[in-house]
Structures are given as structure tokens and as C-alpha cells.
Number of protein chains: 2
Amino acid sequence: MGLEDAISAIEASDSIDELRSSLHRIVQDYGFSGFTFIDAGRPELDVPYYTGTHPPAWERAYLQYDFVHSDPALARVRRTNKPFHWGSLKLPERQGHKRPPEVKMMDAARDHGFREGLVVPFHYRDRLGAVHSSSTVFFWEDDPRAFDKLLICHRHELHLLMIYWVQRAMDIVSRDQRNAPTILKPADAAETIKLTGREKEVMAWAARGKTVADTAQILGISPETVEGFIKQALRKLNASNKTHGVAKSIALGIIDL
Amino acid sequence: MGLEDAISAIEASDSIDELRSSLHRIVQDYGFSGFTFIDAGRPELDVPYYTGTHPPAWERAYLQYDFVHSDPALARVRRTNKPFHWGSLKLPERQGHKRPPEVKMMDAARDHGFREGLVVPFHYRDRLGAVHSSSTVFFWEDDPRAFDKLLICHRHELHLLMIYWVQRAMDIVSRDQRNAPTILKPADAAETIKLTGREKEVMAWAARGKTVADTAQILGISPETVEGFIKQALRKLNASNKTHGVAKSIALGIIDL
DNA sequence: CTAAAACCCCCGGTTTTCGGGGGTATCACA
DNA sequence: TGTGATACCCCCGAAAACCGGGGGTTTTAG
């Protein structure tokens with residue numbers, strides 16, 4: 001099946017179930033045993049939205065051992081845009097006497113028969129402008145050398161496929177909202193947050209660890225004024241405290257470190 | 001030039017200037033007269049970052065008439081993930097005697113010789129996990145029918161090209177800016193700092209705006225214990241307070257929002 | 001001209017933070 | 001089967017941050 005055919009098959013799918021089996025057929029053609037699509041943008045959730053054609057045993061293990069919070073691929077997905085494979089992940093060395101949870105997770109994957117995995121990150125916006133991050137992993141159970149060869153030739157195709165797959169999934173879900181998985185539904189509309197120069201300055205110094213008094217001295221204004229700017233910024237950011245405000249500012253790209 | 005060659009050329013570029021001329025050559029091969037990359041995620045900025053090989057006259061007009069705030073393609077980019085062309089934009093009807101600004105902008109583009117344009121949206125995350133949205137437009141000055149034909153055959157290639165181009169641009173910029181990391185002192189290599197599971201958890205909840213009391217309830221431990229973990233994490237991070245610690249944790253990739 | 005927003009300063013009561021100080025539980029290895 | 005390293009859990013008190021207001025002048029945009 002060529003790339004154009006695959007995209008056509010995806011765009012012709014008319015329900016999430018159909019979409020799932022379409023992709024399954026496509027990735028099987030490439031030699032993968034299955035795939036998992038997972039919402040990667042909400043690390044605070046214990047069980048984010050996911051779907052796919054992975055083995056049930058793997059799903060049970062993943063949930064049971066809380067791998068969402070230790071999966072090193074998910075962590076990387078949140079900071080990158082290009083596909084990568086499990087073999088390229090840098091795992092932490094064991095500190096002390098315990099195996100780090102990341103290593104535990106990868107060992108478990110191996111125990112389930114997965115010898116490699118291709119992870120495709122995709123960050124997208126819904127029709128309200130809200131941003132979502134997704135991770136899709138294609139499982140490989142055959143010879144790792146064949147996997148390497150596949151990557152060289154078809155990495156880009158698989159990347160493109162996922163983009164159109166996610167887009168199609170979003171279109172379907174927004175069309176029939178009733179039984180929609182929550183993640184694919186448009187979240188809060190993206191609000192444009194506009195901080196003034198002073199507000200950005202005080203937040204940036206806060207991010208660098210300066211207290212209100214420090215910042216006041218740096219900027220040559222009174223501590224009370226600094227507090228005023230911070231309060232104003234927190235209101236605009238809809239943040240509950242200074243720490244939250246700084247985190248949001250970084251996430252929104254308002255301040256750079 | 002094939003797709004793989006084009007991507008190779010992009011990934012081999014070592015500066016923004018080189019990257020720009022690489023892409024220019026590639027899109028000229030497709031028949032476009034030039035391109036403009038623009039940071040589309042900040043509607044609040046009057047002059048967002050942009051670069052490209054557009055005619056200087058067009059750039060002057062764009063700035064002079066403040067087209068950033070009326071460009072209908074930019075507005076659409078913020079809500080979509082697939083490439084589209086100017087012809088598919090739905091422009092508002094003229095009300096009364098005034099031309100809507102969107103129409104004005106498209107008319108101006110035509111006056112500058114552009115008969116069509118392919119717009120490729122791309123939403124990406126940087127190494128801090130911050131989300132950005134970009135718009136790249138490829139200008140078409142030839143026969144519109146040839147443009148339609150090109151889209152059918154090569155839309156996906158152009159889409160993929162942009163993804164790798166943006167990623168490469170980000171890599172170059174973040175490499176060049178690494179001499180001014182105020183928040184990361186040289187000694188703070190990510191590898192040397194290892195937080196335990198609990199330490200990471202309390203820092204992550206702090207970044208999401210939770211107070212010590214909130215976090216204690218979420219984790220089912222006493223507030224004093226939560227404080228203990230935070231203090232321990234701050235020591236390891238060599239951070240002067242919680243806000244600083246959270247900023248550092250994000251910068252080091254230890255926690256995600 | 002006028003309204004809105006940026007910028008600057010202040011108070012008082014409440015909550016959080018962060019320097020310390022404790023302790024137990026678990027695990028790999030000898 | 002102990003031993004040592006580490007994760008994990010709890011407490012105190014002085015200092016700082018938070019949060020709700022209250023002022024005012026200057027700059028910007030319609």
C-alpha cells in the first residue's frame with residue numbers, strides 16, 4: 001500500500017473504530033504488530049485517553065504499574081516534534097540499589113515481546129485553538145535490524161500518516177460529540193495572554209529565584225510595586241500563585257530562561 | 001530533487017541563513033517564487049518573528065498595513081493542522097462601502113503578483129515544552145491550474161518538509177542561544193541532578209499551582225512531609241526557592257506541566 | 001479629548017516557605 | 001542476616017510571600 005493510498009484510507013474512515021482498524025492494517029503492512037495512540041499532554045492525569053491495537057496484557061501492565069508516569073517516551077514526546085525509536089532513549093542509570101522506574105517500564109515492554117518501538121509525537125490544535133499533544137507508538141516484535149532498515153526508508157511516511165490520522169480522528173469526534181473521548185473534544189479556548197514589559201520582567205526574575213526584595217533592587221523600584229506587578233501578572237495568567245505563574249509563563253513561551 | 005534529498009539538505013544546514021536558502025532552492029524546484037515563515041502563535045505581538053525569501057516590497061506592505069492582524073491565513077493556521085491554499089479561504093463579505101481588512105490583504109497580495117499561496121501550519125514544542133505555532137506560506141506567481149496540479153501530487157511532501165525545516169531552525173537557534181542560560185548554571189547538567197519519585201511529584205504539583213496542603217491531600221501524606229520533599233528537591237536542584245526550583249525542573253526536563 | 005492601560009507606591013491580616021531537627025521502611029549485596 | 005544507603009515520613013519557628021484592597025501619574029490609542 002502506498003502512502004497516498006494509506007492517507008486516502010484514513011480520510012475515508014468514518015468512525016473511531018474504523019479509523020483504528022485502518023491504521024492497524026497500514027502499520028501491519030509496514031511490519032509492526034500494532035499501535036497505541038495516547039494523549040501525552042496531561043501528565044497530571046492518572047489515566048489519559050488512549051486507543052490502539054496493543055495486546056490487552058500490555059494494557060493491563062501499563063495501567064497496573066502506572067507506566068504513564070514513568071514512560072520515558074512520553075516525557076520525550078512533550079519536548080520534541082520528530083519521530084524517534086525506543087533505542088534512542090537515554091535511560092537513567094540506576095541510583096543506589098533500585099532500578100529506576102523508566103528502566104522498569106522498558107524491561108516490561110521487552111518482556112511483552114516488543115523488541116523496538118517507533119514513537120511519533122504530534123502536537124495539534126483543535127478548532128477552538130486549544131493545543132493538544134499526542135504520542136503514537138508502533139510496536140515491533142521482529143528482528144531489530146529489519147526495524148532499522150524500515151526506519152531509514154519509511155520514517156517520514158509514518159510521521160505523515162499520523163498527522164492525517166489524528167486530524168481525521170479530531171474531525172470525526174467533533175462531528176459526533178456524544179460518545180466522544182474527552183481528550184479529542186475541544187478543551188478551553190486558547191486565551192491570548194498579554195503581559196506588559198514590567199510584568200514579564202518580574203516574572204522572569206522570579207523564575208531565576210529572586211525574591212520580591214531582590215527584584216525590587218534589580219529594577220530600582222519598591223518591593224510593593226514588584227508585588228503589584230506579580231499580582232497583576234498572576235491574574236492575567238489565571239495562576240493561583242507565583243510558582244504556578246512562572247510555570248505557565250514558561251509553558252506559554254512568555255518568559256525565556 | 002527528491003523528498004529525502006530535500007530533508008537531507010535541510011538537516012545539513014548549519015545556520016538560519018543557510019536554512020533559508022536551502023528551503024528557497026527546494027520550493028523553487030516545486031515552482032514557487034519564495035516563502036515566508038512566520039511565528040503565528042502570538043496574535044498579541046505587533047511584529048512576530050518572521051523570515052523568508054519574499055519580495056521586500058511585500059514585506060513593507062505587510063508591515064505598513066498591519067496585515068498580521070488581518071491575514072485570514074494566520075487566523076486559520078491557529079485552528080488547523082493541515083496545509084491549505086489561499087483559494088480555500090472563506091473571506092467575509094463586504095459590509096456597506098468598506099472592504100473588510102481580510103479582503104484588503106488578499107487584494108494586496110494579488111497586486112504584488114501572488115496568484116496563489118500554499119499555507120502550511122505547524123504547531124511544535126521547544127525543549128522547555130512550550131508550544132509554538134508557525135505558518136509558512138509558499139508564494140505562487142504562475143498559472144493557477146499548475147498550482148492545483150502541484151497540490152494534488154506534492155502537498156504532503158511540502159507539509160513534511162516544513163516540519164523538518166522548523167525543527168532544524170529550532171535546533172540551530174537553541175544551540176546558538178545556549179551561551180546565555182541565566183537559569184542554568186554550568187554545574188547544573190541534567191545528568192547530575194536526580195530527584196526521587198516523590199520529589200518529582202511534589203515539584204510537578206507545585207508547578208501546576210497546588211499548595212503544599214493541596215499536594216498533601218492529592219498524595220495522601222501530611223503537609224509536613226510534602227514540605228520535606230520540596231526542601232530536599234530544592235537542595236538537589238540548588239534552587240533558592242520553590243519558584244526557582246520549578247523553573248529549573250522544567251528547564252532540565254525533570255517535570256512536565 | 002478621553003478612556004484605557006501601563007506604571008508606580010502603600011497597608012494589614014493570613015498563609016506559605018524554608019532553615020533546621022527528628023524518625024521508619026525498603027532493598028541489594030556481602 | 002546484618003548493614004548501609006536511600007526513599008519515605010513527620011515536626012518547629014522565624015521570615016517571606018500572598019491577597020484583598022487603597023492610592024496616584026504617565027503613556028498610548030481611538
Side-chain angles (χ1 to χ4, degrees), chain A residues 66 69-70 92-104 107 192-203 205-248 254, chain B residues 44-47 66 69 98 101 193-249 254:
Chain A
D66 201 30
H69 293 127
S70 48
E93 305 192 5
R94 58 192 305 160
Q95 41 178 330
H97 295 289
K98 281 179 195 156
R99 243 185 339 163
E102 290 89 346
V103 176
K104 248 182 215 169
D107 287 348
T192 63
I193 291 167
K194 188 176 171 184
L195 296 192
T196 71
R198 281 306 209 195
E199 285 160 1
K200 277 190 264 192
E201 268 182 296
V202 296
M203 294 308 282
W205 286 115
R208 291 165 196 145
K210 304 300 178 194
T211 67
V212 167
D214 294 336
T215 306
Q217 202 159 25
I218 291 169
L219 298 179
I221 56 181
S222 92
E224 287 81 4
T225 307
V226 173
E227 275 198 31
F229 287 131
I230 291 176
K231 280 190 283 190
Q232 188 65 22
L234 294 186
R235 257 196 294 276
K236 286 186 183 176
L237 288 161
N238 199 22
S240 46
N241 55 46
K242 203 160 86 173
T243 304
H244 190 196
V246 162
K248 265 197 160 181
I254 290 173
Chain B
E44 74 276 12
L45 289 183
D46 287 335
V47 184
D66 200 29
H69 292 125
K98 278 186 207 154
I193 293 174
K194 288 223 161 71
L195 299 190
T196 70
R198 282 307 210 193
E199 287 160 0
K200 277 190 267 193
E201 270 180 297
V202 295
M203 294 306 283
W205 287 115
R208 292 165 197 148
K210 303 299 177 195
T211 66
V212 167
D214 293 336
T215 307
Q217 201 159 25
I218 291 168
L219 299 179
I221 57 181
S222 93
E224 289 82 5
T225 307
V226 173
E227 280 185 19
F229 288 132
I230 290 175
K231 283 184 286 191
Q232 187 65 23
L234 294 185
R235 258 196 294 275
K236 287 187 185 176
L237 288 162
N238 196 21
S240 46
N241 56 46
K242 203 161 90 172
T243 303
H244 192 196
V246 162
K248 268 196 165 181
S249 300
I254 293 171

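Heavy-atom basis, side chains included; hydrogens, waters and symmetry copies ignored. To find a chain, count down the sequence lines: A is the first, B the second, and so on, and within it residues start at 1.
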d(A:K236 NZ, A:I254 CD1) to nearest 0.5 Å is 9.5 Å

Between C1' on D:dC18 and CE on A:M203, what's the gap in Å once rounded to a whole number?
13 Å

Give the nucleotide from the list D:dC19, D:dC8, C:dC8 with an atom nearest to the side chain of B:R198.
D:dC8

Look at all strands and tell whether B:I230 reaches a base, only sugar-phosphate, or nothing, counting heavy atoms closer than 4.0 Å.
nothing

Would one find a side-chain N or O of A:K200 under 4.0 angstrom from OP1 or OP2 of C:dA6?
no

Just call it for A:E227: base, sugar-phosphate, or nothing, with non-hydrogen atoms closer than 4.0 Å on any strand.
base

Short side-chain N/O contact to C:dT15 OP1/OP2 from B:T211, under 4.0 Å:
no

To the nearest 0.5 Å, what is the distance between NE2 on A:H69 and NZ on B:K200?
11.5 Å

If you check every side-chain atom of A:K231, which of C:dG20, D:dC9, D:dG21 has the closest atom?
D:dG21

Considering all heavy atoms, the nearest B:A233-B:E199 contact:
CB-CB, 4.2 Å

Interatomic distance, B:E224 CD vs D:dC10 C1' [rounded to whole Å]:
7 Å

Between P of D:dC18 and CD of A:Q232, the distance in whole Å
15 Å

What are the two closest non-hydrogen atoms of A:G245 and A:L237, and how far apart are they?
O-CD1, 3.6 Å

Can you check the A:K236 NZ to C:dC7 C1' distance for me, whole Å?
11 Å

In whole Å, I'd like the distance from the CD1 atom of B:I221 to the P atom of D:dA7.
15 Å

Think A:T196 has a side-chain N or O under 4.0 angstrom from the OP1 or OP2 of C:dC7?
yes

Sugar-phosphate, base or nothing in reach of A:T243, heavy atoms under 4.0 Å:
nothing

Which sits closer to the 5' end of DNA chain C, B:R235 or B:K242, going by the nucleotide each is nearest to?
B:K242

Classify A:G228 by what it touches in the nucleic acid, base, sugar-phosphate, or nothing, heavy-atom distance under 4.0 Å.
nothing

B:T225 near the nucleic acid: base, sugar-phosphate alone, or nothing, with a heavy-atom cut-off under 4.0 Å?
base

From CG of A:L219 over to P of C:dA6, roughly how many Å is that when rounded to an integer?
17 Å

To the nearest angstrom, the CZ-P distance between A:F229 and D:dC18 comes to 16 Å

For A:E227 and A:V202, what are the C-alpha separation, side-chain angles and deciding distance, and is it a side-chain contact (heavy atoms from CB on, under 4.5 Å)?
CA-CA 9 Å; A:E227 275 198 31; A:V202 296; over 6 Å; no

Rounded interatomic separation in angstrom, taking NZ from A:K194 and P from C:dA5:
10 Å

